[in-house]
J.: 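Please read through the structure below; I'll follow up with questions.
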Amino acid sequence: MLHLLESRIVAAVSQHILIRYGLSTPVVLEQPRQSSFGEFALPTAFQLARELKKAPRAIAQELVDELPEIEGIRSFEVAGNGYINLRFDRAAFAAAVAAPPPAAPTGGKVLIEHTSINPNKAAHIGHLRNSILGDTFVRMLRAAGRQVNVQNYIDNTGVQVADVVVGFHFLEGKSLEDVRSLIETPRFDYLCWDLYAKVSQRYATDEALKAKRAETLHAIEAGHGVLAEMGALVADKIVNYHLDTMLRLGIVYDALPRESEILHLHFWAAAFELLKERKAIYLETEGKNKGCWVMPGSAFSDHREDEDSKVIVRSNGIVTYVGKDIAYQMWKFGLLGKDFYYRHLRTYADGHPLYVTSASPEGATPGISFSGNERVYNVIDSRQSYLQDVVQAGLRALGHPKEAENSIHFSYEMVALTPRTCGELGIELSDEDRARPYVEVSGRKGLGVKADDLIDKLIAAAQREVDSRNENEPEANRRQVAETIAIGALRYFMLKFTRPTVIAFDFQEALSFTGETGPYIQYAAVRAAKILAKAETSPALPADLGPILEDEELWQSLLAAFRTDTALALAINADEPAHMARYAFQLAQAYSNFYQKFPVLIETNPAKRDFLLWLTAAYRTQLVRTLDLLGIAVPAFM
RNA sequence: GGGGACGUAGCUCAGUUGGAUAGAGCGGCCGCCUCCUAAGCGGCAGGCCGGCAGUUCGAAUCUGCCCGUUCCCA
């Protein structure tokens, strides 16, 4: 609604400036710093001042005198040294906001790929940031009417899986049958976590073991033999663990594209031919990269010379990860001329299916494709930005500038640990590390906080709070509420930081449920629900709003309740879920203020009571909706 | 050596794309439950927006050069 009014103002003012001054200055609307200044401010006079060579204030006065009437706006006035402040027609705004128009679907297919954890060990907090960011952005885009598919890429044939197989087979002498029974034991993913760390450490001193690594990797890539079977068993089982962990956070997927199918369906071979044909890569004939197929450095970076070329195919004929990534990215846009087969893997509780890729039509569901997207978001941490640049350059060199433009590296900084938290976890730090602001999580060193452990710890902390406040509620309900609060706390914590900010993870901070946290926002929604449940009447807007809305505080409360669409548009435009999280907190703050100042149920003026109840319902709706965008549910009680 | 990100209150971070008196949470101090849930609300204290120069009517925001932290590529 607010959004609609904004575009109406922008259109009217731009039109006026074009006619009056013959200028097509972009009109910007701001929210005034002080609410007493009005609902919107136009800094347009400042922008015009330069071109018109007149004082901003004089231009502002001219505009105010001459601007036509705009539906929904009560007044314009000059303020400060040239601002134009706008005030709404309050009753009209309330009436319009009570009956909002439905959002229309827009745009083509969008693909978001997130999570993409190596299937060789349990997920950790760094992975949680990835998944929560990706999932939240999916929710935001869908709410804005976009058609979004969600993928979780599975590198089931990579070195990390190979390392765990090396551990089982060569270090511990386990047979295929041993592993087959081992994967059914509880917390197999934790067992792999430790084994992976152990193998990684061992490589440093054990050359013989390290030699087994390449052998194992080749066997897994080829896809047959005992080592390959063992790798498949491990990877499939760990993927299941990851899916379950993410499901605890309400995160689901549409498809799991796997590296094994990218290999077996020869995606790279098709891409290689195209890259050669379009001269995107060339065969190096001298220097250190002699015999390699390389992409010139100038193709992917303004600051690089051609000598800084990136090797795509090594001189021994082995393709690098970037090469395979280019092929895969081409598939995402439907530029490869190849597709996977898709096999049904599981059905989520809401009935929506999850597919995994397959190399043959046997057992596949016909008529499905996740290829051919218009826009692709890859949620990957910022350490990969160099490689993502190369992938993007690959598309450009192949003659697909539009697809390169629509390849978005949705990057974010890592989650590290504070030295204090390392201490709490019993991780020994060097003096050098202790002096650092944060310590990087490392799977190789087994250094990190496992996702499920963190979730369990959060639930336990929430459970203590819930139990102490709600003795009379049945235990099952209290458990349910504790889980909802824990997930709310975790998701909000991961979302409150903007993407380029390194999160120095600290248990004390993450376990806090007061202040700027998920539970604070949930609490606001619960309080509103309680009032609505206790009220005898159902909320309805009273006929005569005039006198009620003259109360400045009430008017500000009403305004604050209806900024969701504007906030969503801004957050999507900035590719920044943190903006949405921030808005959710501000909405909850606005409601908490309203709650404190205006006791609804004891209000004696009937019209005012109706209005307060109606506004409570409005806040409740907006809070639930905004929290849903963040993937946070509202508990039944708190 | 080259490139990216960051530097804002004691701590952790926002800052709507260059606008009015720089904000929030935590921590500290003071206050508010006879009244819809105190996981809440109000108040106070706390700032050379890393430094210097420049662009602009106007800079935390843009440009250049330094200093510091960090990631990546060699």
Side-chain angles (χ1 to χ4, degrees), chain A residues 28-34 37 41-43 45-47 49-50 53-57 79-83 85 288 297 300-305 307-308 310 381-390 411-414 416 418 436-438 440 462 465-466 468-470 485 488-489 493 496-504 506 508-509 512-524 526-535 563 566-567 569-571 573-574 576 578-579 581-583 585-586 588-589 591-603 612-613 616 635 637-638:
Chain A
V28 182
L29 270 180
E30 289 171 11
Q31 213 181 303
R33 181 159 295 283
Q34 278 182 39
F37 290 164
L42 284 165
F46 296 113
Q47 295 168 277
R50 195 165 314 165
K53 304 219 186 302
K54 264 163 85 169
R57 189 158 172 111
N81 47 354
Y83 272 98
N85 293 337
K288 62 177 164 50
F300 53 87
S301 171
D302 293 340
H303 306 278
R304 280 168 210 279
E305 305 296 324
E307 304 82 81
D308 297 325
K310 178 69 197 166
D381 75 68
S382 60
R383 284 174 293 195
Q384 302 282 334
S385 60
Y386 165 69
L387 294 178
Q388 286 290 303
D389 283 349
V390 176
S411 74
Y412 60 94
E413 268 292 350
M414 61 178 165
T418 59
R436 289 168 185 264
Y438 47 79
E440 193 178 346
E465 295 292 328
V466 173
S468 71
R469 292 155 205 253
N470 302 279
I485 291 170
F493 181 81
K496 71 193 274 192
F497 303 94
T498 54
R499 295 196 282 119
T501 302
V502 177
I503 299 181
D506 190 87
Q508 235 170 73
E509 211 190 322
S512 156
F513 298 145
T514 61
E516 196 197 337
T517 64
Y520 171 89
I521 307 167
Q522 290 173 315
Y523 186 62
V526 167
R527 284 170 133 188
K530 192 64 170 287
I531 292 174
L532 295 168
K534 279 195 175 179
R563 298 195 189 280
T566 308
L570 281 169
N573 196 255
E576 186 50 91
H579 290 343
R582 193 94 190 158
Y583 167 74
F585 176 63
Q586 285 166 353
Q589 270 187 321
Y591 178 70
S592 295
N593 275 297
F594 169 73
Y595 179 94
Q596 203 75 22
K597 278 178 195 150
F598 300 99
V600 180
L601 300 178
I602 57 167
E603 174 59 49
L612 294 178
L613 198 59
T616 301
F637 57 88
M638 279 180 84

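The chains referred to below are lettered A, B, ... by the order of the sequence lines, with proteins before strands, and numbering in each begins at 1.
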J.: Within the 4.0 Å limit for protein heavy atoms, which parts of nucleotides 26-41 of chain B are touched? Write it as a string from 5' to 3', B for base, S for sugar-phosphate only, - for none.
T.: S---------BBSBBS
J.: Applying the Watson-Crick and G-U wobble criteria at under 3.5 Å, what pairs with B/G46? Answer none if nothing qualifies.
T.: none
J.: Does a side-chain heavy-atom distance below 4.5 Å link A/Gln388 with A/Ser382?
T.: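 No - every pair of side-chain heavy atoms lies 4.5 Å or more apart.
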J.: Checking base pairs now: Watson-Crick or wobble, both atom distances under 3.5 Å. What partners B/A5?
T.: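 The base-pairing partner of B/A5, which may sit in any strand shown, is B/U69.
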J.: On a whole-Å scale, what distance lies between the P atoms belonging to B/A38 and B/C71?
T.: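 It works out to 46 Å between them.
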J.: Would you say the side chain of A/Tyr583 lies within less than 4.5 Å of the side chain of A/Leu570, judging by non-hydrogen atoms?
T.: no
J.: Mark this stacking check for A/Phe37 against B/A20 as yes or no, applying ring centres under 5.5 Å and ring planes under 30°.
T.: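 Ring-base stacking flag set for A/Phe37 and B/A20.
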J.: Using the C1' atom in both, what is the distance from B/G7 to B/U12, to the nearest Å?
T.: 14 Å
J.: Using both distances under 3.5 Å as the test, list the Watson-Crick or G-U wobble partner of B/U61, or none.
T.: none
J.: Given the C1' atoms of B/G15 and B/A9, what is the spacing between them in whole Å?
T.: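 So the two C1' atoms sit 14 Å from each other.
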J.: Does A/Lys496 reach the main-chain N or O of A/Glu516 with its side chain, forming a donor-acceptor pair under 3.5 Å?
T.: yes
J.: Base, sugar-phosphate alone, or nothing: which one does A/Thr566 contact when heavy atoms must sit under 4.0 Å apart?
T.: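 Since no nucleic acid heavy atom lies under 4.0 Å of A/Thr566, the category is nothing.
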J.: Does A/Asp389 reach a base, just sugar-phosphate, or nothing at all? Heavy atoms under 4.0 Å.
T.: nothing
J.: Base of B/U17 relative to its sugar, syn (within 90° of 0) or anti?
T.: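 Judged by the O4'-C1' to base torsion, B/U17 sits in syn, the angle falling within 90° of 0.
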J.: What one-letter contact string describes nucleotides 67-74 of chain B from 5' to 3', where B marks a base within less than 4.0 Å of any protein heavy atom, S marks contact via sugar-phosphate atoms alone, and - marks no contact?
T.: --SSSSS-
J.: If the glycosidic angle is within 90 degrees of 0 it's syn, otherwise anti, so just tell me which one B/C33 is.
T.: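 Nucleotide B/C33 adopts syn.
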J.: When you match A/Arg499 and A/Ala79 each to their closest nucleotide on RNA chain B, which lands nearer the 5' end?
T.: A/Arg499
J.: How far apart are the closest heavy atoms of A/Ala504 and A/Tyr438, and which atoms are they?
T.: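 Reported closest heavy-atom pair: CB-CB, 4.0 Å.
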J.: Applying the Watson-Crick and G-U wobble criteria at under 3.5 Å, what pairs with B/C32? Answer none if nothing qualifies.
T.: B/G40
J.: Could you tell me how far apart A/Arg582 (CZ) and B/C13 (C1') are, to the nearest whole angstrom?
T.: 7 Å
J.: What is the nucleic acid contact for A/Ala535, judged by heavy atoms within less than 4.0 Å: base, sugar-phosphate only, or nothing?
T.: nothing
J.: Under 4.0 Å between a side-chain N or O of A/Thr498 and OP1 or OP2 of B/C6?
T.: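 A/Thr498 to B/C6 OP1/OP2: no side-chain N or O under 4.0 Å.
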J.: Could you please name the option among B/U17, B/U16, B/C13 that lies closest to any side-chain atom of A/Ala574?
T.: B/U17
J.: Just wondering, do A/Arg469 and A/Phe637 contact through their side chains at under 4.5 Å, heavy atoms?
T.: no
J.: Can you say whether the rings of A/Tyr591 and A/Phe594 are parallel (under 30°), tilted (30 to 60°) or perpendicular (over 60°)?
T.: tilted
J.: Find the partner of B/G10: check Watson-Crick (N1-N3 plus N6-O4 or O6-N4) and G-U wobble (N1-O2, O6-N3) distances, both under 3.5 Å, and reply none if neither fits.
T.: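 Partner of B/G10: B/C26.
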J.: Rounding to an integer number of angstrom, what distance separates B/C57 and B/C65 when you compare their P atoms?
T.: 24 Å
